[in-house]
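Let me begin by presenting the structure, written as structure tokens, before commenting on it.
All ligand and atom numbering here is 1-based and tracks the order in the structure.
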Amino acid sequence: MGLIEIEARVQAACERVGRARESVTLIAVSKVQPLERVEEVLQAGHRVFGENRVQEAEGKWPAFQEKFGKVDLHLIGPLQTNKARAAMELFDTIQTLDREKLATTIARLAQEMGECPGLFIQVNTGEEDQKAGVLPREADGFIEMVRKLDLPVKGLMCIPPVEEEPSLHFALLRKIAERNGISGLSMGMSSDFETAIGLGATHIRVGSAIFGERTAPHG
Ligand SMILES: *Cc1c(COP(=O)(O)O)cnc(C)c1O
């Protein structure tokens, strides 16, 4: 279990750039990990987790929360409109808002349910066809549309292309956030979270470096 080592690295990365440790939320990405590994991290006291599939999360987190108490859950994978209600019931934050139809669905459900998870808008900074997220040039308009629906835009999220220098993508995400008055920045994974902290990440999403390599194929 790499939680202690990652905690130390997060702390050191914050110190290097003069940031308070509390300004960065470490999201432990537990998708497809064996339950014993997730339980170890819970046992160690960690309470912020990320999952990328609603159904998979529904299968483990209600039971874990029975046992360990409230956990702060972030959805970091694509959300289908027909799973929006289930996602809103389980997750505290949805980081992958990227379509008008999803935004209007969430707005309607939020009215009905009387509450709404925190929302991050996913930006496809690398403009990759296979990746979700709004394009950088469409981001300002999309943010405005979401705000008109009275939805809480807490932050922006990106997943840079694997073969590119992540810092360029992190800097672009930050620029879009700054000009729109958005404070949350979800960026940085196992291989680049220190770089992301240096560029202002408020949320880092770390999976394999905490839990070990994922054994199942998806994700
Ligand atoms: C799986 C995943 C992560 C974690 O990836 P690691 O490289 O294992 O740290 C972070 N963000 C998203 C969106 C993911 O799907």
Side-chain angles (χ1 to χ4, degrees), residues 1-10 13 24-35 37-38 40-41 44 46 48-61 71-80 83 87 90-99 102 117-134 154-167 169-170 172-174 177 184-219:
M1 199 259 289
L3 179 67
I4 292 165
E5 187 209 323
I6 296 306
E7 258 305 336
R9 284 172 57 189
V10 170
V24 180
T25 301
L26 171 61
I27 301 172
V29 178
S30 46
K31 65 185 183 201
V32 305
Q33 293 289 352
L35 296 181
R37 289 191 193 166
V38 183
E40 264 187 273
V41 171
H46 197 75
V48 190
F49 289 81
E51 289 283 344
N52 70 339
R53 293 187 176 194
V54 177
Q55 216 171 348
E56 184 188 334
E58 280 177 320
K60 67 183 102 159
W61 286 104
V71 169
D72 184 16
L73 288 178
H74 293 249
L75 178 66
I76 60 170
L79 178 57
Q80 291 168 260
K83 297 219 175 97
L90 182 62
F91 289 94
D92 303 282
T93 303
I94 293 173
Q95 295 206 354
T96 49
L97 177 56
D98 66 348
R99 307 182 307 284
L102 182 59
L119 298 173
F120 280 53
I121 292 170
Q122 185 175 351
V123 182
N124 185 358
T125 57
E127 309 200 14
E128 295 173 279
D129 289 336
Q130 78 280 14
K131 219 163 251 174
V134 299
K154 293 270 174 67
L156 302 180
M157 179 272 230
C158 76
I159 310 169
V162 272
E163 68 290 354
E164 284 181 31
E165 172 54 45
S167 57
H169 296 270
F170 298 158
L172 172 59
L173 194 72
R174 178 180 178 158
L185 283 173
S186 173
M187 54 192 201
M189 321 205 306
S190 289
S191 56
D192 53 19
F193 67 85
E194 285 140 322
T195 306
I197 289 171
L199 287 163
T202 60
H203 294 70
I204 54 174
R205 311 179 306 266
V206 181
S208 44
I210 291 176
F211 296 101
E213 289 306 319
R214 286 179 286 276
T215 44
H218 90 249

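- Within the structure, ligand 1 has R214 among the residues with a heavy atom less than 4.0 angstrom away.
- Set against the non-hydrogen atoms of G207, the atoms of ligand 1 under 4.0 Å away are 4 (C), 6 (P), 8 (O), 9 (O).
- A donor-acceptor pair is defined here as one N or O able to donate and one able to accept, closer than 3.5 Å; no such pair exists between the side chain of R205 and the backbone of G50.
- Atoms of ligand 1 lying under 4.0 Å from at least one heavy atom of R205, given by number and element, are 4 (C), 9 (O), 10 (C), 11 (N), 12 (C), 13 (C).
- A distance-only check finds no donor-acceptor pair linking the side chain of H169 to the backbone of M187 [under 3.5 Å].
- Under the side chain to side chain donor-acceptor pair (under 3.5 Å) test applied with S186, the options H74, H203, K154, Q95 reduce to a single match, Q95.
- Residue contact check: V206 has heavy atoms under 4.0 Å from atoms 9 (O) of ligand 1.
- Using a 4.0 Å cut-off to heavy atoms of S208, the atoms of ligand 1 that qualify are 6 (P), 7 (O), 8 (O), 9 (O).
- Looking at N124, its side chain does come within 3.5 Å of a backbone N or O of K131 through a donor-acceptor pair.
- Of the possible polar contacts, one joining the S190 side chain to the A209 backbone as a donor-acceptor pair under 3.5 Å is found.
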